[in-house]
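No hydrogens, no waters, no symmetry mates; every other heavy atom, side chains included, goes into these values. A quick note: this is a predicted structure, and the numbers were derived from the prediction, not measured. Order of appearance sets the numbers: ligands from 1, and atoms from 1 within every ligand.
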Amino acid sequence: MCGIVGYTGSEQATPILMRGLSRLEYRGYDSAGIAVYNGSELVVKKAKGKLSELAGRIEAAPVAGCVGIGHTRWATHGEPSDINSHPHTDGDGAIAIVHNGIIENYQELKEALIARGCVFRSETDTEVVPHLIRTYYTGSMLETLIRVLPMLQGSFALAIASKDDPDTLYCTRKDSPLVLGKTDHGSLIASDIPALLEYTRDVYLLDDFDIARVRPEGISFYDCLGNEKTKEAMHVDWDVKAAEKGGYAHFMLKEIHEEPAAIHNTLAPLIEIGRANKLRFRKDAMPINEEDANAIKNIIISACGTSYHVGMVSRFIFEKLAGIPTQVEIASEFRYRDPIIQDNSLFIVISQSGETADTIAALREAKNCGVKTLAITNVVGSTVAREADYVIYTWAGPEIAVASTKAFVSQQMVAYALAADLAVKRGKMTEDELADYLHEMDQLSAKAQILVDSWEIQAHAANHFRSIRNSFYIGRHLDAISCMEAALKLKEISYVQTEAYPAGELKHGTLSLVEDGTLVCAIATQTDLIDKMISNIKEVKVRGGYVIAFVKESETRIESEVDEVWRIPECPDIFTPILVAIPGQLFGYYMALERGTDIDQPRNLAKSVTVE
Ligand code: AGP
C-alpha cells in the first residue's frame, strides 16, 4: 500500500516528512515524493526508487518550509516513474495531494476534466483529484471537498496542501486508513501509526468520509456534510514493530485479515453497474478484445507454488466457462521440457511478485514461440508485467509474509473474471449470465469476512493437533486443488508433512499411511461429488483417521460421518476455492503459532524466488 505523511507546525517539514516516510517503508513502495510550502510556492520533489533517491534530490536542492505532505507509492495505475510519483498537483501547482487507494472511475473523470481544459502529466488515477478540487474550488477547501469527494468511486486516503491556505492541511479517507496526531510543535497526518509514534502515542483515527482540517495549533474534524464532530484520541502502547503489523502478531495474519478488502479491491476496478442495474465489465477493463478472444485455440498457464495452484483452479474455469482447452505447467518443469506451444495459444503466467525466475523463463519461452502472453501479477511494473503482451493486476497491496494468502485469493478473482470475459466474447455466456456471475463474485468479499472472523475455529483445532507430524488433505475436482493449497500453507509455515490427494486416489496407495488419529482434512464443497467424498471419508474413518470436513453452509449429509465440520458461506461450487482457502490459511497459521515456527519468514524460504 502507499504511505502518506503530512505535517504543519513550527519546525522544518522536510526532515519530519522524510522520517515519517521511512517509518512506512515496510508497506512496500517503488517511488516517493514530498511537497513543501516554502512561503510562496508548493515545491514538489519526487523520484522513482527508494527514499534515498528522493533524499538525494532534496539534498541537492533543499526545501525550506513548515508545512508539507509526503508519499511512498505502491504503483497501481501507471508504472513506477518520476512523473507517476506523488504528490500530484493541479495545472498551476496551487494544490498538491497524495493518495492511497484506487479511484475506480478515474477514466470517466479524466475525460471530463480534459474536456474542460485540464492538462494531465501522469498515467495515474490519482491526478484527477487535484484537478477536480481546482475545478470546483469555492475558496473554502472544506466546502470544495464536501462537493468533490462524492464524485470519487473506489478507495482513497487523501492529504491535501494548498497555496491558498498554506499552513493548513486537509485529509479525508474512504476504505484506506489515515491517522492523525498532535505534538507540542505541530500536527501530523499518516497512513499508519508507526509514522506518528516518535511524536505521540495519542492518535486520532479518521473514519470513512470524515474530513480533517489540520493546523499547527490543532485538528478539527467534520463529517461528509461539513458538520464539525469531536473525536477521542486512541492511546497506542504498541512498539514500532507491532505497529507495522497493525497490531497483528504477524504480517501473515494481517494479510489474511486483509483478504476481504483484497478480494473487493481486485474486482471493483473491473466492473460497473450497467443497464437494468446489472453488473458488467467496465469498458477496456479486460485486455483481450473479441477478435483475439475468439482466435484463442488453447490456453497454457505456467506458474510456481501457490500461483501454480491458482493456475490449476483457472484451468477448470477456463474450460468450463469459455470452452477453451487449458493446460497448466509448473514453470520450473515447463522451461526444460522442449514444450510444444501451438499457434493461437494464449500463454498465461501468474506471479504475485512478478519476479519469479522460473516463471519469467517460461514467459520468455512462450514469447520465443510467438504466442500471445498475459500476466496476472500483484506488482505494477514487475518483469512479467513489462514483458507480457497483456497484464491484469491484482490489487492485494504488498504481500510481505512469505506465505501467500491475499495474493492467492486476488489472483483467483482475476482468473475468474478473465474466464467470464472470454466466455462472453466467445458466445459461451450471455450478458445476463455474466451479470449473475459477477454478482456472485461481488458477494465473495463479505463471505470471506465471515471466515476471517471465525478464526477461533482453526485456532482451537491447531491447539488440539499441534503435536502431529503428518496430515492429509483430500478432495475432488476443484476441492482437490484447494487441498494442494491448504497443504502447502500447513507445510511451509508449520513444517507438518502434509499430503494433498485427490480423494479417489487414496485407495491406490497412500491410504496405507492412515492410522489411528491421523488428521485428514476433507474438502467437500462440490455438490455432485458429496456422495463420493462420503465414501472416501468412510475409508479414512474405519482406519482411525480424524476427519475435519470443509463443507458449504447448507451441506447436511457429511456431519454424521466426520469428527469436525468447518463451514463456508453458501456460494456456487465454482467459487469455493476462494473461500475454502481462508480456513486452510488460518489453520496453517495457528498450527505454526502453536509450534513456534517463524511464521512470516519460514526456514529455507524466500518471498520472491528470483533464482532457479
Ligand atoms: C506461497 O505461499 C509460496 N510462498 C510460494 O509457493 C509462492 O507462491 C511461489 O514462490 C510463487 O511466487 P510468485 O507468485 O511471486 O511467482
With atoms numbered from 1 as shown, which atoms in ligand 1 lie under 4.0 angstrom from a non-hydrogen atom of Thr356? 12 (O), 13 (P), 15 (O), 16 (O)
Quick one: do Asp573 and Lys552 satisfy salt bridge (Lys or Arg N to Asp or Glu O under 4.0 Å)? Show the steps, please. CA-CA 9 Å; Asp573 288 4; Lys552 287 201 283 190; 2.4 Å; yes
At a 4.0 Å threshold, what atoms of ligand 1 neighbour a non-hydrogen atom of Lys489? 1 (C), 2 (O)
Compute the centroid of each ring, for Trp455 and then for Tyr589, and state whether the two points are separated by less than 6.0 Å. no
Quick check on contacts: which atoms of ligand 1 are under 4.0 angstrom from a heavy atom of Gln352? 13 (P), 14 (O), 15 (O), 16 (O)
Determine whether the aromatic ring centres of residues Tyr29 and Trp74 are separated by less than 6.0 angstrom. no
Just distances here: any N/O of Val402 and N/O of ligand 1 closer than 3.5 Å? yes
I need the nearest protein heavy-atom contact for atom 9 (C) of ligand 1: residue, atom name and distance, please. Cys304 O, 3.8 Å
Distance filter under 4.0 Å to Ser404 heavy atoms, resulting ligand 1 atoms: 1 (C), 2 (O)
Subset of ligand 1 atoms that lie under 4.0 Å from at least one heavy atom of Ser307: 8 (O), 13 (P), 14 (O)
Do Thr359 and ligand 1 have an N or O pair less than 3.5 Å apart? no
Please test Tyr106 against His77 for side-chain hydrogen bond (donor to acceptor under 3.5 Å, both in side chains), starting from the C-alpha separation and ending with a verdict. CA-CA 10 Å; Tyr106 83 96; His77 296 73; 4.7 Å; no
So that I can tick it off, tell me whether Glu329 and Arg335 are bridged by a salt bridge, with the cut-off set at under 4.0 angstrom between side-chain N and carboxylate O. no
Do Lys406 and Glu255 sit within salt-bridge range, that is, some charged N less than 4.0 Å from a carboxylate O? no
Does ligand 1 have an atom that lies less than 4.0 angstrom from a heavy atom of Glu355? no
A student comparing Glu399, Gln411, Glu492, Gln585 should find that the heavy atom closest to atom 3 (C) of ligand 1 comes from Glu492
Residue Ala403 vicinity, atoms of ligand 1 by number, heavy atom under 4.0 Å: 2 (O)
Would you kindly say whether His99 and Thr126 are connected by a side-chain donor-acceptor distance under 3.5 Å? yes
Looking at every heavy atom in both Leu374 and Pro287, which two are closest together, and how far apart are they? CD1-CG, 4.0 Å
Applying side chain to side chain contact (heavy atoms under 4.5 Å, CB included), name anything that partners Glu553, two or more places apart in sequence or on another chain. Arg567, Glu570
Structural part of Thr306 in contact with ligand 1, heavy atom criterion under 4.0 angstrom: both
Give the residue, atom name and distance (to 0.1 Å) of the protein heavy atom nearest atom 10 (O) of ligand 1. Val609 CG2, 4.0 Å
